[in-house]
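Per chain, numbering begins at 1; letters A, B, ... match sequence-line order.
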There are 2 protein chains.
Amino acid sequence: MTDLGKRRWVTSLEVAQLAGVSRSAVSRCFTPGASIAEETRWRVMEAAEQLGYRPNAIARGLNTQRSGLIGIVVADVGNPFYARLVEALAIEIQGRGKAPLVFAAKEAGAADALLPELLSFQVDGVLVTSATLSLRVTRLYDAARTPIVLLDRMAEDDEDVAGDISADNVAGAAMIADLFAETGRRRPAFIAGLENTSTSRDRATGFIAGLSRHGLDLVGRDVGQYDYAGGQAAARRLLGASERPDAIFCANDEMALAVLDVARSEFGLSVPQDLSVAGFDNAAPGALAAYSLTTVDQDIERMAHEAVGMLERWLQTGRQSSPLRLPCRLVRRATTL
Amino acid sequence: MTDLGKRRWVTSLEVAQLAGVSRSAVSRCFTPGASIAEETRWRVMEAAEQLGYRPNAIARGLNTQRSGLIGIVVADVGNPFYARLVEALAIEIQGRGKAPLVFAAKEAGAADALLPELLSFQVDGVLVTSATLSLRVTRLYDAARTPIVLLDRMAEDDEDVAGDISADNVAGAAMIADLFAETGRRRPAFIAGLENTSTSRDRATGFIAGLSRHGLDLVGRDVGQYDYAGGQAAARRLLGASERPDAIFCANDEMALAVLDVARSEFGLSVPQDLSVAGFDNAAPGALAAYSLTTVDQDIERMAHEAVGMLERWLQTGRQSSPLRLPCRLVRRATTL
DNA sequence: GCTAACGTTGCACACGTATGCAAGAGGTGG
DNA sequence: CCACCTCTTGCATACGTGTGCAACGTTAGC
């Protein structure tokens, strides 16, 4: 039976009365480092336990000007890499006694509209986990002095953020270049994600620089919007060109899977004999037996850990952290020699 | 330069002063249905715009006893189905002017510990999106009268929830049974997820009932823990048995992918000639060309919409909704005849 | 012209917690 | 025994908003 009695929370006053102390004493019991006698603390905790009391985080936030909420902005949870990243961030945040407020944008542009909404919930800070979010986003930092940490996207010079963090995309891409060169590939090509994202640019830069150290040059270059359909289209163009590449590096795994499908079923190529393929992110589907994609792994847990750390550092000291580039790891599977 | 000035929000008082009215008037401007003259509203909005004022959701929540926060509990974001579900829920929630508070549990058991944490943030309601969460969870509903809606998991008789919603797993599984039977399969087998989840039980029930309508019986049955490794092990046992099945239905897609890999590479079977395989959920990897898995699709957006609707209905009327079973859709691809 | 009715506004209080300040308790050293 | 210091506690106030109540001004109706 669902009786609609008014919702009643246990307040610190009730605990205080049961324990025979004042509300202040109760409050101090739940405030680390506050001055409270061991014996009273015990009595209060007893009463709190008995009544099922938990401090009201909303009321506390109003008072302390710290809501304990941290916003996570994500543009594309469909991408398994971002799904894992959001999960890791959530776990990291709740491990520190705070709570993650997740805002998802259907398309990249919609994220700008989300941020004022986030601010009205008084988030202590914001983690932006998208390579594709527009630049204006970070200026809100000025409005309410809410710190922002960028993940997987470098801060521009005029952006004022608490920190930014990403994989060392340049070095990661260079590993693929080395692998291609050392296994005898002579006609490498690259499929970018979105041209205006730092992630894609860095992967291109690292790949090209790596190749040139081996005396190699790109024979083809295309753009695949980071998704399967885009990767398909790019693969068709590259593989149909007069000078067909013998190795393709894609800015993420999803596009690489599309390349594999197109190469096998539409061009009858066998991988890796006729064509080497590599991706980036070490997303789950790439590990499946039918693909077994060579890729570059990012340490997602570490990235989440460092990102939240940057935010807390800002909240405590007001100092912004220097950009962090995490090392990557080559995952060599069956789509390369 | 990051100067560490005290954080300053624009309050309704400042807006009131600029507009030459009282704080109450400002508050009423942002409260739908409140009594306010059109001309004052205009003046207040002008001032608010100018100062960049947004009502403080924390303070409002303290007053109205409605935080505007809705908790989402999820046990396994690694599963792409749940990732998509969480995204859909988040979008649905923020579309109604509320905010989703996401709590992720690494393993299923850890979720119980999360819920008190959630409660301290005064969530208005909780959406539990996991088949594997333990039963005790839902009893917290009584503690603070916080409504819970269960997704993808039926409520037991003694559980007091605002509503529960899931796909019509029985009917969905029956579709697969029909498909197997109508394409001439005679030796069907089933791989369960976790035996004690309603989702897995219903899919088993529907499958078996469907088969019996065609005069067929299971020749094998195993458990795969809903994950790839579990699916692999189950597939090896089933395919290595004396009476080898000619069709396997898995309680989710991830296990079905494992079955495909094992059948092809370890037993040299060709699909679908030697063996039909079907999954459940229509997860993204199953659609990849190398698998092209036949599966059952759930309408995730609709599920999210209805779930949040149930929660709001409870919040407004205090009435619990009757269980909802959403229709499924058969997605026929290349792993069945 | 007077009254009733209505729409609008401000005052004051409530929501549940944190914390500066002063007062009290208890102990120690001279 | 007194003065002083430390530790603990309660009082009072602040955080920013929503809302019942009463007072106000305006208009319509007779």
Side-chain angles (χ1 to χ4, degrees), chain A residues 6-45 47-48 51-69 97 119-124 144, chain B residues 6-45 47-48 51-69 97 119-124 144-146:
Chain A
K6 232 23 212 166
R7 208 159 166 208
R8 280 289 301 154
W9 302 96
V10 183
T11 78
S12 64
L13 178 59
E14 302 171 51
V15 177
Q17 288 170 340
L18 180 58
V21 294
S22 73
R23 291 196 317 262
S24 315
V26 178
S27 171
R28 282 187 250 263
C29 280
F30 291 91
T31 308
S35 167
I36 186 85
E38 202 50 48
E39 194 255 334
T40 6
R41 147 170 271 133
W42 191 87
R43 219 168 57 230
V44 169
M45 286 309 194
L51 296 175
Y53 169 78
R54 299 221 34 153
N56 182 328
I58 296 287
R60 168 184 299 173
L62 183 57
N63 194 301
T64 59
Q65 314 279 52
R66 285 272 152 93
S67 64
L69 300 174
L119 269 188
S120 82
F121 279 94
Q122 317 296 109
V123 292
D124 293 340
Chain B
K6 232 24 215 163
R7 210 159 164 207
R8 280 288 301 153
W9 302 96
V10 182
T11 78
S12 63
L13 178 59
E14 302 172 51
V15 177
Q17 288 170 339
L18 180 57
V21 295
S22 74
R23 290 199 316 266
S24 315
V26 177
S27 170
R28 282 187 249 263
C29 280
F30 291 90
T31 307
S35 167
I36 186 85
E38 201 50 47
E39 193 253 337
T40 16
R41 147 170 270 134
W42 191 86
R43 219 167 58 229
V44 169
M45 286 310 195
L51 296 175
Y53 169 78
R54 298 218 36 149
N56 183 328
I58 296 287
R60 168 185 302 175
L62 183 57
N63 194 301
T64 58
Q65 312 279 53
R66 285 273 153 93
S67 64
L69 300 174
L119 269 188
S120 81
F121 279 94
Q122 316 296 109
V123 291
D124 293 341
R145 307 205 52 67
T146 303

Nucleotide nearest [X] (side chain, heavy atoms from C-beta), chosen from [options]:
{"X": "Arg28(A)", "options": "dC11(D), dT17(C), dT8(C)", "result": "dC11(D)"}
{"X": "Ser22(B)", "options": "dT17(C), dT17(D), dG10(C)", "result": "dG10(C)"}
{"X": "Ala37(A)", "options": "dT9(D), dA18(C), dG16(C)", "result": "dT9(D)"}

Grab the [atom1]-[atom2] distance between [X] and [N] for me, whole Å please.
{"X": "Glu39(B)", "N": "dG25(D)", "atom1": "CD", "atom2": "C1'", "answer": "14 Å"}
{"X": "Asn56(A)", "N": "dA14(C)", "atom1": "CG", "atom2": "C1'", "answer": "14 Å"}
{"X": "Arg66(B)", "N": "dG16(C)", "atom1": "CZ", "atom2": "P", "answer": "14 Å"}
{"X": "Arg23(B)", "N": "dG16(D)", "atom1": "CZ", "atom2": "C1'", "answer": "8 Å"}
{"X": "Asn63(A)", "N": "dG16(D)", "atom1": "CG", "atom2": "P", "answer": "10 Å"}
{"X": "Trp9(A)", "N": "dT17(C)", "atom1": "CH2", "atom2": "C1'", "answer": "15 Å"}
{"X": "Arg43(B)", "N": "dT8(C)", "atom1": "CZ", "atom2": "P", "answer": "14 Å"}
{"X": "Phe121(B)", "N": "dG16(C)", "atom1": "CZ", "atom2": "P", "answer": "17 Å"}

Within the 4.0 Å heavy-atom criterion, would you say [X] contacts the bases, only the backbone, or no part of the nucleic acid?
{"X": "Val21(B)", "value": "sugar-phosphate"}
{"X": "Ser12(B)", "value": "sugar-phosphate"}
{"X": "Thr64(A)", "value": "sugar-phosphate"}
{"X": "Ser35(B)", "value": "base"}
{"X": "Ser27(A)", "value": "base"}
{"X": "Ile58(B)", "value": "nothing"}

Exercise. How far apart are the closest heavy atoms of Gln122(B) and Trp9(A), and which atoms are they?
Worked result: NE2-CE2, 3.2 Å
Exercise. Looking at Val10(B) and Leu51(B), what are the two nearest heavy atoms and their distance?
Worked result: CG2-O, 3.4 Å
Backbone N or O of [Y] within a donor-acceptor pair of the [X] side chain at under 3.5 Å?
{"X": "Arg43(A)", "Y": "Ala19(A)", "value": "yes"}
{"X": "Asp124(A)", "Y": "Arg66(A)", "value": "no"}
{"X": "Thr31(B)", "Y": "Ser27(B)", "value": "yes"}

For this session: Measure distances between side-chain N and O atoms of Ser24(A) and base N and O atoms of dC11(D), and say whether any donor-acceptor pair falls under 3.5 Å.
Result: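 Result: at least one qualifying N/O pair found.
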For this session: On DNA chain C, check which nucleotide each of Leu62(B) and Thr40(B) is closest to and give me the residue with the more 5' one.
Result: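 Nearest nucleotide further toward 5': that of Thr40(B).
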